[in-house]
Amino acid sequence: MSHDPLTLLPTRGRFQKAVSNALDQCDPGSYIGVLFLDIDHLKHVNDTLGHEAGDIILRTTAHRLQLLVGYTDTVARIGGDEFALIVPHLIAAHDLTAMAETVLERLAEPFSYKGHTLDCCASIGASLVSADAEDASDLLKQAGIALDVAKAQGRSGTVVFKPAMRTQVEHRAKMLSNARGAITGQRIEPYYQPKVWLGSGRLAGFEALLRWRNPQGQMEAPVTIQAAFDDRRLATGMGRQVLAAVINDMREWLEAGLEFGHVAVNASSAELQSSHFAEQILESLRSVGVPTRCLELEVTEAVPLGQNADGIAQALRTLSSEGVRIALDDFGTGYASLLHLKQHPVDVLKIEQSFVCNLPSSSEDAAILSAVLDLGRNLGLTTVAEGIETAEQAEYLRAAGCDQGQGYFLGRPAPRGLWRT
């Protein structure tokens, strides 16, 4: 099939031939560019408004691209939500980026669909080669790599291929592969870091921190699979394994008569947006007889406040009403902190370690700490300082009225077997 039936644009095979032809016809001393476009958040439109709305976006994108470059093989639909353009007869690299910005501006113009405002915002990967290039396939691969980088950097922007990106993309692909393997092999495990009441030094509970075991049996930190946390399916899979292990450990600790307070588990945006998230947690706790008071759920400011906010807030309210405590992690590091306090049932404020590491010498951090602690007291919230590494920091926080502390000075993360003893 040479043309896509939905958009009537050429498909990938015809586009590849067009790139080869453009190289053959390119004037000496000039360049040819390729733009790969990925429509941002099309899946969300399909999930919320239906595939008819998604098809409208695809057809609108195709029409706008054709108006920009003409009704020729220089524009194609090469995948589900991906398009490609040939930009011939370029004099310099900035000509390609200028064209990419024009494309983004044109696509971003909103339009209405059944009372909803839609747009065609996109991420763009760009590649540029000179007229004497022999292989069109490498040009396409480079544009694809640049597109992957553009999406990883936050979308709705343009990235031009550089040779170093090939290594970056390969590294990211390796992280995703490792994460998939760890999930499939049930090699995601929690390590437990203690949280201490600063006033008495007593154990308040633990935070469960994700670790994963590589195929050689060695335990690795999450930073080595960091890219997987941006993948909704992988992030959900890892979170579920950690939670299942934590609930099983809590059951064993309760049966052994061990006092552990509570265990805090991080919830990613992907997990919070999954169907029946709260109900599944509550059922998992009930099925093994672990009281809800034993679990604390940590959410960060990365939790959406926009289109998905209502569903997330409802999930948190459901958990809170059943006795699961909700902690707002890394408080103060983003613009949404106070909005989260208004929209979500928060019980705990966790003070990010960047506000702790320079205490007590930093007057700025001391002022921020004082403000956060006052806010916590006025709202009746428990305050927890992260990243405590010295006795001086712990004493300063205790004197300032911080309730709990966490950090290497108070206890390093350790596997569950160590804390059972």
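Side-chain N/O atoms of Thr390 and Glu392 include no donor and acceptor closer than 3.5 Å. Side chains of Thr383 and Asp403: a donor-acceptor N/O pair is present below 3.5 angstrom, by distance only. Gln168 and Asp148 form no side-chain donor-acceptor contact under 3.5 Å, judged by distance and modelled atom types alone. No side-chain donor from either of Thr102 and Glu105 sits under 3.5 Å from a side-chain acceptor of the other. Side-chain N/O atoms of Thr7 and Asp4 include a donor and acceptor closer than 3.5 Å. With hydrogens and angles left out, the side-chain atoms of Asp40 and Ser123 include a donor and acceptor closer than 3.5 Å. Side-chain atoms of Thr318 and Gln314 form a donor-acceptor pair, as typed in the model, at a separation below 3.5 Å.
Side-chain atoms of Arg211 never come within 3.5 Å of backbone atoms of Glu189 as a donor-acceptor pair (strictly under, hydrogens ignored). Although no hydrogens or angles enter the test, the distance criterion places no donor-acceptor pair under 3.5 Å between the side chain of Asn358 and the main chain of Ser362.
Atom NZ of Lys141 and atom CZ of Arg166 lie 7.5 Å apart (nearest 0.5 Å). One finds the CD atom of Gln241 at 8.5 Å from the OG1 atom of Thr184 (value rounded to the nearest 0.5 Å).
Within the 6.0 Å centre-distance limit, the rings of Trp253 and Tyr192 are counted as a close aromatic pair.
Salt-bridge annotation for Lys114 and Glu52: present, with a side-chain N of the basic residue lying under 4.0 Å from a carboxylate O of the acidic one. With respect to Lys174 and Glu170, no salt bridge is recorded, no charged nitrogen being found less than 4.0 Å from a carboxylate O.
By the neighbour-count criterion of 12 heavy atoms within 6.0 Å, atom NZ of Lys151 is densely surrounded, having more than that number from other residues, nucleotides or ligands.
Between Lys195 and the choices Gln406, Glu296, Glu386, the side chain to side chain donor-acceptor pair (under 3.5 Å) rule is met once, by Glu296.
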